[in-house]
Number of protein chains: 2
Amino acid sequence: MNRGAPAKAGHGGSHASACDQCTVRHRAICSAVDFDHTADLDALVGHRDLAAGRSIFEEGDDGGTVFNISAGEVRLYKLLPDGRRQITGFLRPGDFLGLSSHGAYAYSAEAMTNVSLCVFRIGDLEKLFDAFPKVRNRMLEKANDELAVAQEQMLLLGRKTAREKVLSFLLRRGRHEDDDGYNPEVSVPMTRSDIADYLGLTVETVSRTFTALREEGLIETPSAHSVFLPNIKRIKDIAGAF
Amino acid sequence: MNRGAPAKAGHGGSHASACDQCTVRHRAICSAVDFDHTADLDALVGHRDLAAGRSIFEEGDDGGTVFNISAGEVRLYKLLPDGRRQITGFLRPGDFLGLSSHGAYAYSAEAMTNVSLCVFRIGDLEKLFDAFPKVRNRMLEKANDELAVAQEQMLLLGRKTAREKVLSFLLRRGRHEDDDGYNPEVSVPMTRSDIADYLGLTVETVSRTFTALREEGLIETPSAHSVFLPNIKRIKDIAGAF
DNA sequence: CGAGCTGTTGACATTGCTCAAATTTCGTGG
DNA sequence: CCACGAAATTTGAGCAATGTCAACAGCTCG
């Protein structure tokens with residue numbers, strides 16, 4: 001709820017009360033709505049703030065509401081009946097979530113940090129599609145990109161070694177989203193346990209792998225949650241790109 | 001090429017020369033074009049037949065052409081530089097492939113059997129989208145479903161044991177696509193090596209797992225490529241559904 | 001009939017997991 | 001600002017699941 005309230009999230013972002021002031025508009029599907037029609041967006045969208053650790057929705061819940069992250073970070077995951085968890089993605093401000101597959105959400109979503117969300121009811125989203133056909137276009141593109149990412153992740157999960165998994169993960173975190181360059185200073189805000197569940201490993205293996213990579217000089221770890229990559233080229237060779 | 005020629009594929013399907021006679025229309029995105037407008041489809045679509053084993057396109061190739069399978073089976077995969085392979089999906093008649101992510105295909109596609117394809121240039125597809133908005137809708141739905149399937153596969157690859165992987169695989173092959181029932185007679189036309197590369201295992205492990213499951217009475221194997229599931233409920237329990 | 005796949009089985013090696021414990025970091029309240 | 005407890009991270013030791021290498025059997029197709 002908290003319509004128009006500034007985000008309390010600790011990650012610097014805040015959602016503007018009006019879509020035309022949204023700081024992540026360029027990344028969001030909302031950018032497919034012309035700037036001078038953002039009022040139409042405002043009319044349809046609600047807002048919600050959630051504290052770190054809270055659930056946004058759970059696998060199996062009735063769908064019907066979709067979200068755009070305006071501030072904070074989110075993890076998506078699926079569980080097995082005995083509690084084993086696979087994290088399927090980490091989302092950032094501007095990312096979209098909540099399209100359900102057959103009436104129910106296909107995965108669970110949790111706030112990793114404090115989070116501010118833009119909320120659409122699915123019916124309103126359809127209205128938006130009709131009023132601004134480009135939005136559906138944009139959505140299809142996004143879905144397609146996500147599919148490519150998912151396939152890359154299958155390759156990682158099914159065929160890479162622990163070393164390769166961790167290095168691929170770090171490379172991805174360091175890649176610029178616009179050009180195809182890399183930032184050698186990588187921030188890794190999530191816990192080792194989240195990383196493990198994302199890479200299909202155990203916490204212990206992730207930790208040991210970090211240690212081994214550090215001892216080999218492939219990475220430096222100023223703190224547990226930031227990593228420096230002194231030789232990206234070599235890392236790319238080992239990780240098989242990504 | 002072979003415009004209008006009956007498919008030589010060994011799997012029973014054949015593509016009609018005209019879309020209104022297509023036997024897999026109901027599964028394809030084409031079903032979003034009203035039946036009395038299929039002539040418009042005909043005007044845009046080309047056809048191609050490929051022999052088993054031939055490549056349809058490879059990861060990195062310039063995109064620009066998309067396909068619908070009218071007969072035969074296709075595998076999608078990604079490779080690591082050293083040749084390790086991850087199969088990301090098996091496709092059947094009616095399935096769609098070839099949307100590229102940023103100008104280039106994100107994965108490779110190969111005919112597993114003889115295959116007949118409907119071919120669209122991407123520009124023509126856009127025309128189709130404009131003429132029949134429902135098609136884009138259908139496409140978005142399909143992309144969304146695929147995403148859900150991909151996430152299910154990540155859970156399998158990252159968190160399931162060999163036993164669970166094989167059983168999940170068999171269950172999926174046995175699931176009806178309409179209702180949520182299962183057919184206990186499962187056909188497994190692909191090689192053990194394809195199965196292994198799909199499940200993130202080695203051929204040997206797949207083979208040994210089949211043997212072990214047979215000895216436990218969980219499956220029966222009339223032949224290497226057909227499996228009978230005498231107790232689906234028990235299998236579901238072990239596999240963690242799917 | 002023979003070459004070449006495909007599938008199965010065996011023996012052994014190795015990666016990554018499990019269980020356990022020490023250490024460091026972080027958030028909270030005083 | 002400091003102290004304390006909880007949580008996160010790291011490390012160690014042993015082990016199990018799965019991979020590797022090798023041999024062999026069964027089928028298919030020319």
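Reminder, nothing fancy here: chain letters follow the sequence lines and each chain counts from 1.
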J.: Any salt bridge linking Arg159(A) with Glu164(A)? Criterion: basic side-chain nitrogen under 4.0 Å from a carboxylate oxygen.
T.: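 Salt bridge between Arg159(A) and Glu164(A), a charged N being under 4.0 Å from a carboxylate O: no.
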J.: Given the structure, check if the side chain of Arg208(A) and the base of dG12(D) hold any donor-acceptor pair shorter than 3.5 Å.
T.: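 Such a pair exists between side chain and base.
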J.: Rounded to whole Å, please give me the gap between CD1 in Ile219(A) and P in dT10(D).
T.: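 From Ile219(A) CD1 to dT10(D) P: 10 Å.
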J.: To the nearest 0.5 Å, what is the distance between NZ (Lys78(A)) and CD (Gln86(A))?
T.: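 So the gap between those two atoms works out to 10.5 Å.
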J.: Centroid-to-centroid, Phe90(A) to Tyr198(A), below 6.0 Å?
T.: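 So the answer is yes for these two rings.
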J.: Can you tell me the distance, in whole Å, between the CG atom of Leu213(B) and the P atom of dG7(C)?
T.: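 Value for this atom pair: 17 Å.
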J.: With the side chain of Thr205(A) defined as its heavy atoms from C-beta on, choose the nearest nucleotide among dT9(D), dG16(C), dT20(D).
T.: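 Closest nucleotide to the Thr205(A) side chain: dG16(C).
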J.: Mind calculating the distance between CD1 (Ile195(B)) and P (dT6(C)) to the nearest angstrom?
T.: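 Computing the Ile195(B):CD1 to dT6(C):P distance gives 13 Å.
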J.: If you measure from the Lys or Arg side-chain nitrogens to the Asp or Glu carboxylate oxygens, is any gap between Arg173(B) and Glu185(B) under 4.0 Å?
T.: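 No salt bridge links Arg173(B) with Glu185(B).
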J.: Where the side chain of Thr161(B) is concerned, which of dG16(C), dT18(D), dG12(D) is the nearest nucleotide?
T.: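 Among dG16(C), dT18(D), dG12(D), the one nearest the side chain of Thr161(B) is dT18(D).
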J.: What is the distance, to the nearest angstrom, from the CG atom on Leu157(B) to the P atom on dG16(C)?
T.: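 From Leu157(B) CG to dG16(C) P: 15 Å.
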J.: Kindly say whether the aromatic ring centers of Phe96(B) and Phe67(B) come within a distance under 6.0 Å.
T.: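 No.
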J.: Side chain of Glu204(A) only, heavy atoms from C-beta on: which candidate in dG12(D), dG16(C), dT9(D) is closest?
T.: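 Per side-chain heavy atoms of Glu204(A), the pick is dG12(D).
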J.: Given atom CD of Glu164(B) and atom P of dA17(D), what is their separation to the nearest angstrom?
T.: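 The distance from CD of Glu164(B) to P of dA17(D) comes to 12 Å, rounded to the nearest Å.
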J.: Please state whether the phosphate of dT9(D), meaning OP1 or OP2, lies under 4.0 angstrom from any side-chain nitrogen or oxygen of His225(A).
T.: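 For His225(A), the contact criterion (side-chain N or O under 4.0 Å from OP1 or OP2 of dT9(D)) is met.
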J.: Please report, rounded to the nearest Å, how far the C1' atom of dT9(D) is from the CZ atom of Arg214(A).
T.: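 Those two atoms, CZ and C1', are 11 Å apart.
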J.: Any side-chain N or O of Thr211(B) below 4.0 angstrom from OP1/OP2 of dT9(C)?
T.: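 Thr211(B) to dT9(C) OP1/OP2: side-chain N or O found under 4.0 Å.
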J.: How many whole angstroms separate atom CZ of Arg192(B) from atom P of dC5(C)?
T.: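 In whole Å, dC5(C) P and Arg192(B) CZ are 19 Å from each other.
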J.: Can you tell me the distance, in whole Å, between the CG atom of Asp197(B) and the C1' atom of dT6(C)?
T.: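 About 14 Å, once rounded to whole Å.
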J.: For Ala224(B) and for Lys160(A), locate the closest nucleotide of DNA chain C by heavy-atom distance; then report the residue assigned to the nucleotide nearer the 5' terminus.
T.: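 Nearest nucleotide further toward 5': that of Ala224(B).
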J.: With nearest nucleotides of DNA chain C determined for Arg159(B) and Val206(B) from heavy-atom distances, which residue corresponds to the more 5′ nucleotide?
T.: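 Result: Val206(B).
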J.: Return no unless some side-chain N or O of Ser207(A) is found under 4.0 Å from OP1 or OP2 of dT9(D).
T.: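 Looking at the OP1 and OP2 atoms of dT9(D), neither is under 4.0 Å from any side-chain N or O of Ser207(A).
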